[in-house]
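Single-structure report; data block below.
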There are 2 protein chains.
Amino acid sequence: MEFNSDTEQKIMRAATEVFLEKGKDGARMQEIANRAGINKALLHYYFRSKDKLFEQVFRQEFKFILSNIVQVLSVTDDFKEFLRQFVRNYLQAIIPRRNLMRFIIWEIAKMQPNLVQYFFETFREHGYTENPVILRIKKAIDEGQIKPVDPVQFIMSFLGMCIFPVMAAPILQHILYHLDINDADFIEQRVEAILDLVWNGIKP
Amino acid sequence: MEFNSDTEQKIMRAATEVFLEKGKDGARMQEIANRAGINKALLHYYFRSKDKLFEQVFRQEFKFILSNIVQVLSVTDDFKEFLRQFVRNYLQAIIPRRNLMRFIIWEIAKMQPNLVQYFFETFREHGYTENPVILRIKKAIDEGQIKPVDPVQFIMSFLGMCIFPVMAAPILQHILYHLDINDADFIEQRVEAILDLVWNGIKP
DNA sequence: GTCTATACATCGATAGAC
DNA sequence: GTCTATCGATGTATAGAC
């Protein structure tokens with residue numbers, strides 16, 4: 001068996017689509033086969049079972065989004081500029097994959113805790129042994145770039161501001177008028193809104 | 001048929017548990033019956049179908065959390081104090097129901113847009129014809145209690161800070177050390193963290 | 001590798017006795 | 001109202017021809 005055959009890729013693409021949309025329980029092998037332009041039997045030939053196929057999709061998507069985060073960490077030494085880049089980069093990755101965060105948050109709560117190894121696997125692949133986001137914040141505090149804040153509380157706030165609007169977009173668009181996540185200007189507007197709100201609270 | 005028979009209540013309780021944990025697709029009528037201490041046939045006797053049972057559970061939970069929001073809106077005129085009460089009250093409602101927000105965000109994205117009528121139904125029941133959260137923010141701006149900010153952007157940020165930590169708790173607890181959402185002090189610590197971060201960004 | 005046909009399990013729903 | 005027994009549909013997985 002070739003490692004990344006054309007068919008295998010078509011299946012992974014289709015499976016990613018369906019799983020992200022319907023979730024593991026709602027996804028149907030038949031629908032994945034249809035979208036991949038093949039038949040059900042071939043799915044099992046390549047991936048043995050629905051469980052194994054799901055596992056691969058989840059791993060792929062999870063590592064994608066986490067690598068994305070880790071890569072921005074060392075881009076600039078200026079902390080405010082780092083936050084700006086972080087939001088922009090993260091939203092650019094997340095918004096086109098409309099269901100990604102919704103899917104991950106939903107599915108991860110049903111998993112065994114040992115699957116959190118994905119985090120540290122990815123950290124290690126990028127040369128970190130500890131949570132690098134916490135390290136980055138502590139460094140900014142030590143250097144006097146921001147005032148002393150609880151890194152954990154700050155991470156929860158900041159990630160929430162980035163992720164929630166994307167995840168809840170299907171509802172928000174109906175109750176917050178004129179909101180369009182996919183608008184060309186949305187990302188830059190969101191970047192500025194977050195930084196305006198946050199910076200005064202953490203600047204030294 | 002009595003309106004709220006004892007059995008009916010037991011079913012609703014069990015169904016709520018299972019649906020919030022497993023989602024609509026992952027939930028099994030058998031498991032709901034087991035947890036309610038009855039058999040499958042009785043489920044259909046009371047609720048006709050899984051769809052109808054789910055619909056009732058979703059409606060109940062959705063209205064619960066939305067009523068909770070609306071009630072705090074008119075508690076105080078001081079906007080900063082309002083924010084504080086909002087966070088506290090919301091977290092108190094959400095945290096004990098560990099899967100509530102995760103469930104709603106997940107399921108609502110799969111629904112027909114017309115189910116967003118639940119929002120305005122609840123708004124109307126409390127005497128509002130427009131989105132009352134936006135109104136509240138606009139009022140604070142008009143009165144000079146906060147500086148002019150985009151209400152939509154602010155709502156996304158603020159809700160994100162409240163909801164995300166609870167929804168993502170299963171992951172966060174593993175990568176943000178010493179974090180315990182269920183700790184007695186968590187809510188007050190979170191309240192202060194959010195207000196510290198936010199207030200400097202919006203005070204006049 | 002890819003297909004058709006089918007086995008096997010499970011789930012939602014109903015029939016019918018009490 | 002509540003139960004047992006079972007039907008019918010659907011979903012995952014496999015057997016076997018090509």
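Only this structure's heavy atoms are used, side chains among them; waters, hydrogens and symmetry mates stay out. Proteins come first, then strands; the chains are lettered A, B, ... in the order of their sequence lines, and each starts at number 1.
- B:A33 comes within 4.0 angstrom of no nucleic acid atom, judged by non-hydrogen atoms across all strands.
- Between A:P151 and A:K138, the closest heavy-atom pair is CG-CG, 4.3 Å.
- Contact check, B:H44 against C:dA13: a side-chain N or O comes under 4.0 Å of OP1 or OP2.
- For B:R102 (side chain) and B:R98 (main-chain N/O), no donor-acceptor pair under 3.5 Å exists by modelled atom type.
- Rounded to whole angstrom, the span from the OH atom of B:Y45 across to the P atom of C:dG16 amounts to 17 Å.
- One interatomic measurement links the two molecules: CD of A:E31 to P of D:dT10, which rounds to 15 Å at whole-angstrom precision.
- Listed by first and then second residue, the ring pair (Phe, Tyr, Trp, His ring centres under 6.0 Å) pairs that reach into residues 122-141 of chain A are A:F120-A:F123, sequence neighbours excluded.
- Rounded to an integer number of Å, the gap from B:F54 CZ to C:dG12 P is 14 Å.
- Not one side-chain nitrogen or oxygen of A:R28 sits closer than 4.0 Å to the OP1 or OP2 atom of D:dT10.
- Here the CD atom belonging to A:Q71 is positioned 12.0 Å from the CZ atom belonging to A:F86, to the nearest 0.5 angstrom.
- Residues satisfying the salt bridge (Lys or Arg N to Asp or Glu O under 4.0 Å) test with B:E188, not counting sequence neighbours, are B:R88.
- An OP1 or OP2 oxygen of C:dG12 is reached within less than 4.0 angstrom by no side-chain nitrogen or oxygen of B:S49.
- Here B:D142 pairs with nothing under the salt bridge (Lys or Arg N to Asp or Glu O under 4.0 Å) rule; sequence neighbours left out.
- As a whole-Å value, the separation of B:L53 CG from C:dA13 P is 10 Å.
- In this structure, A:Q30 atom CD and D:dA13 atom C1' are separated by 13 Å, rounded to whole Å.
- Atom CG of B:N34 is separated from atom P of C:dC11 by 11 Å (rounded to the nearest Å).
- As a whole-Å value, the separation of A:K50 NZ from D:dT12 C1' is 8 Å.
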Can you check nucleotides 3-9 of chain C for protein contacts, nitrogen or oxygen pairs under 3.5 Å, and list what you find?
| from | atom 1 | to | atom 2 | distance (Å) |
| --- | --- | --- | --- | --- |
| C:dC3 | OP2 | A:N39 | OD1 | 2.8 |

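- With 3.5 Å as the limit, one finds a donor-acceptor pair spanning the side chains of A:T16 and A:Q60.
- Rounded to 10°, the angle separating the first-five-pair axis and the last-five-pair axis of the helix from C:dG1-D:dC18 to C:dC18-D:dG1 equals 10°.
- Listed pair B:S5 / D:dG1 fails the phosphate criterion, with no side-chain N or O lying under 4.0 Å from OP1 or OP2.
- B:K110 is linked by a salt bridge (Lys or Arg N to Asp or Glu O under 4.0 Å) to B:D25, B:E107, counting only residues two or more places apart in sequence or in another chain.
- For B:F19 and B:F103, the gap between ring centers reaches or exceeds 6.0 Å.
- A:K52 has its NZ atom 13 Å from the C1' atom of D:dA13, to the nearest Å.
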